[in-house]
Amino acid sequence: MMKSAGAAAMLCCAWFGMAAPAHASRDINCRMHFQLSGWSAFYKRAEGSGTISCDNGQRMNVHLRAEGGGLTFGKTQVDDGRGNFTGVYDIHDVLGHYASAEAHAGAQASADSQVLTKGNVSLALSGKGRGWNLGIAFGAFIIEP
């Protein structure tokens with residue numbers, strides 16, 4: 001009886017081990033092109049859209065939101081935004097809420113960059129845009145399908 005219980009336990013462990021999802025053998029390279037526009041007056045809000053494409057052929061159109069608050073005022077628009085992800089094994093890993101903190105000042109044409117994190121996934125953003133802004137803000141950058 002002990003022998004069959006041990007064999008059953010090993011079979012059960014082997015079955016659960018096979019059923020658990022495995023990560024790809026390597027990170028995939030994913031990039032995002034996006035547009036974003038918004039305003040801030042103590043509360044910061046921006047919305048936009050983008051396309052994420054990965055070197056494994058996966059591709060997804062996304063909706064973007066930036067929300068937060070702080071001592072911040074302005075209105076901005078990013079027309080040629082770019083993002084690079086690290087720590088991604090599947091394109092769906094990029095979805096969700098990224099923590100953000102920034103200090104910003106700009107008038108007319110401007111360029112900006114920042115790095116955001118969500119668990120093991122990091123997102124480096126850069127972009128060129130126009131508008132005016134001044135302040136310090138904390139919040140979230142949200143990527144949704």
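Everything numeric here is computed off the predicted structure, so don't read it as measured data. The first residue in the sequence is number 1, and the count goes up from there.
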| said: Please list all pairs meeting disulfide (SG to SG under 2.5 Å) that have one or both residues in residues 28-101, counting only residues at least two apart or in different chains. | reply: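 For residues 28-101: C30-C54.
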From [atom1] ([X]) to [atom2] ([Y]), nearest 0.5 Å:
X    : Y    : atom1 : atom2 : result
D79  : F34  : CG    : CZ    : 10.5 Å
M60  : H92  : CE    : NE2   : 4.0 Å
L116 : L125 : CG    : CG    : 5.0 Å

| Members besides Y43 in its Ile/Leu/Val/Met/Phe/Trp/Tyr cluster (side-chain heavy atoms under 4.5 Å) | W39
| query | Checking side chain to side chain contact (heavy atoms under 4.5 Å, CB included) for the pair F85/R31: CA distance, chi angles, key distance, verdict? | reply | CA-CA 6 Å; F85 295 91; R31 296 176 186 253; over 6 Å; no
| Restricting to pairs with a member in residues 83-92, which pass salt bridge (Lys or Arg N to Asp or Glu O under 4.0 Å), not counting sequence neighbours? |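 Every candidate salt bridge (Lys or Arg N to Asp or Glu O under 4.0 Å) pair involving residues 83-92 fails, so no pair, neighbours aside, qualifies.
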| message | Determine whether a donor-acceptor pair (N or O, by modelled atom type, separation under 3.5 Å) exists between the side chain of S49 and the backbone of H63. | response |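 Pair absent, no side-chain N/O of S49 close to backbone of H63.
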| message | Using a 3.5 Å distance criterion without hydrogens, assess whether the side chain of Q58 forms a donor-acceptor pair with backbone atoms of I91. | response |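 Yes; judged by distance alone, with no hydrogens or angles, the pair exists.
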Which residues pass the side chain to side chain donor-acceptor pair (under 3.5 Å) test with [X], sequence neighbours left out?
X    : result
R45  : E47, E67
S122 : none
Q114 : none
D55  : none

| side chain to side chain contact (heavy atoms under 4.5 Å, CB included) against T51, all qualifying residues, sequence neighbours excluded | R59, N61
| Which residues satisfy the side chain to side chain contact (heavy atoms under 4.5 Å, CB included) test with H33, sequence neighbours excluded? |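 If we apply the side chain to side chain contact (heavy atoms under 4.5 Å, CB included) test to H33, skipping adjacent residues, the hits are R82.
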| message | Please determine whether side chain to side chain contact (heavy atoms under 4.5 Å, CB included) holds for the pair V121 and D93, giving the CA-CA distance in whole Å, both sets of side-chain angles, and the decisive distance to 0.1 Å. | response | CA-CA 7 Å; V121 178; D93 294 345; 4.3 Å; yes
| message | Within the 4.5 Å heavy-atom criterion, are V94 and K118 side-chain neighbours or not? | response | no
| query | Side chains of V62 and I52: closer than 4.5 Å at any heavy-atom pair? | reply |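 V62 reaches I52 side chain to side chain.
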| request: In sequence, state the C-alpha distance, the side-chain angles, and the governing distance for L123 and M32, and then conclude on side chain to side chain contact (heavy atoms under 4.5 Å, CB included). | output: CA-CA 9 Å; L123 169 58; M32 176 171 63; 4.2 Å; yes
| field | Neighbour count >12 (heavy atoms, 6.0 Å) for atom CG, N120 | value | no
Counting only pairs under 3.5 Å, give me each side-chain donor-acceptor contact of residues 136-143, with atom names and distances, residues two or more places apart or in other chains.
none

